[in-house]
Amino acid sequence: MRAPAYDLPVEADDAPSDETLLGRVAAGDEGAFVLLYDRWAGRLLALVRRVLVDPAQSEEVLQEVLLEVWRTAGSFDPARGSARAWMAVMARRRAVDRVRASESARRREQRWVPTMPDADSTAQSIEDAFEAEEVRAALDAVGEPQRTTLLLAYVEGLTHSQIAERTGTPLGTVKTRVRDGVARLRTEMGVDR
């Protein structure tokens, strides 16, 4: 009978088991963590990706799972199951939690109804036009690539992950551009932090 595709390949007889590696990770052994990472990161990413679909979010969740493995390896109990099952359950729970959080945020956004204050609409329109022109000028002064990243985030309403996917830019770079762009925009507009 052929082994399922998700089973580990046959390891050399002297290779430590996953359970042994988790015990060593619990003791702070970084080398053991590297071995566990090499064995399981790809499989855990595939599991998370089946739940989330989005590659960027899947990678974020994988990093959270691996960090949790590092931090909580001491809580692993081989009497309750295999190391593989322990890590797979952890990955699946994190992925499902991310889906639930996204759905909850989406529902909150759909329920939110903006209210306009009672004011003279002509005066409000003029004030809005002045503010819009001031923001446009400040955005032009901020320059690229922060300008485009800010427009995608705040005008089109894209998440950092969506911006990264649309522009082909690493997620960390997108986050840095948004942070730096907002700081430069505040400076250009004379807004105190």
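We count residues from 1, following the sequence as given. All values derive from a computational prediction rather than experimental measurement.
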Specify the closest pair of heavy atoms between Pro16 and Arg39, including all atoms of both residues, with the distance to one decimal. O-NH2, 2.6 Å

Is any side-chain heavy atom of Val61 closer than 4.5 Å to one of Val65? yes

Of all the heavy-atom pairs spanning Glu19 and Ser82, show the shortest one and how long it is. OE2-CA, 3.4 Å

Does Val96 belong to the same Ile/Leu/Val/Met/Phe/Trp/Tyr cluster as Val48, with side-chain heavy atoms less than 4.5 Å apart forming each link? yes

More than 12 heavy atoms of other groups within 6.0 Å of Phe33 CZ: yes

Surrounding CD of Glu30 (heavy atoms of other residues, nucleotides or ligands, distance under 6.0 Å), is the total greater than 12? no

Quick check: is Leu47 connected to Val99 through a chain of hydrophobic side chains (ILVMFWY, heavy atoms under 4.5 Å apart)? no

Closest contact, heavy atoms only, Leu152 versus Arg166: CD2-NH1, 3.4 Å

Trp40 and Leu66: side chain to side chain contact (heavy atoms under 4.5 Å, CB included), yes or no, with the steps? CA-CA 9 Å; Trp40 286 100; Leu66 293 171; 5.9 Å; no

Can you tell me how far apart CZ (Arg84) and CG (Leu36) are? Round to the nearest 0.5 Å. 13.0 Å

Any donor-acceptor N or O pair under 3.5 Å, side chains Asp18, Trp86: no

First locate atom CG of Leu62, then atom CD of Gln57, and finally report the distance between them rounded to the nearest 0.5 Å. 13.5 Å

Do Glu64 and Arg98 have side-chain heavy atoms sitting under 4.5 Å apart? yes

OG of Ser75 to CZ of Arg80: how many Å apart, nearest 0.5 Å? 9.0 Å

Interatomic distance, Leu151 atom CG to Gln146 atom CD [nearest 0.5 angstrom]: 11.5 Å

Side-chain heavy atoms of Glu60 within contact of Ser161, under 4.5 Å: yes

Evaluate the salt bridge (Lys or Arg N to Asp or Glu O under 4.0 Å) criterion for residues Arg49 and Glu59: first the C-alpha distance (whole Å), next the side-chain angles of each, then the deciding distance (0.1 Å), finally the verdict. CA-CA 8 Å; Arg49 188 132 186 225; Glu59 290 172 9; over 6 Å; no

Quick one: does Ser17's side chain have a donor or acceptor within less than 3.5 Å of a partner on Thr20's backbone? yes

Could you state the interatomic distance from CG (Leu52) to CZ (Arg94), rounded to the nearest 0.5 Å? 12.0 Å

Thr169 side chain reached by Arg177 side chain, heavy atoms, under 4.5 Å: yes

Write down the atom of Arg184, the atom of Ala141, and the distance for their closest heavy-atom approach. NH2-O, 3.6 Å

Does the side chain of Arg108 pick up a donor-acceptor pair with the side chain of Ser104 at under 3.5 Å? yes

Is there side-chain contact between Tyr154 and Val178, with at least one heavy-atom pair below 4.5 Å? yes

Worked check of side chain to side chain contact (heavy atoms under 4.5 Å, CB included) between Met90 and Thr72: CA-CA 11 Å; Met90 189 182 300; Thr72 64; 4.0 Å; yes

Please answer: with hydrophobic residues joined when any side-chain heavy atoms are less than 4.5 Å apart, are Val182 and Val155 in the same cluster? yes

Do the side chains of Arg106 and Glu103 get close enough for a salt bridge, i.e. N-O under 4.0 angstrom? yes

Testing the 3.5 Å rule here: is there a donor-acceptor pair between the side chains of Thr176 and Thr173? no

Would you find more than 12 non-hydrogen atoms of other residues, nucleotides or ligands less than 6.0 Å from Arg92 atom CZ? no

Exercise: identify the closest heavy-atom pair between Gln162 and Gly157: OE1-O, 4.3 Å

When rounded to the nearest 0.5 angstrom, what is the spacing between OG1 in Thr149 and NE2 in His160? 9.0 Å

Grab the two heavy atoms, one from Ala164 and one from Pro170, that are nearest each other, plus how far apart they are. CB-C, 4.3 Å

We want to know whether Glu144 and Thr148 form a side-chain donor-acceptor pair, criterion being a heavy-atom distance below 3.5 angstrom. yes

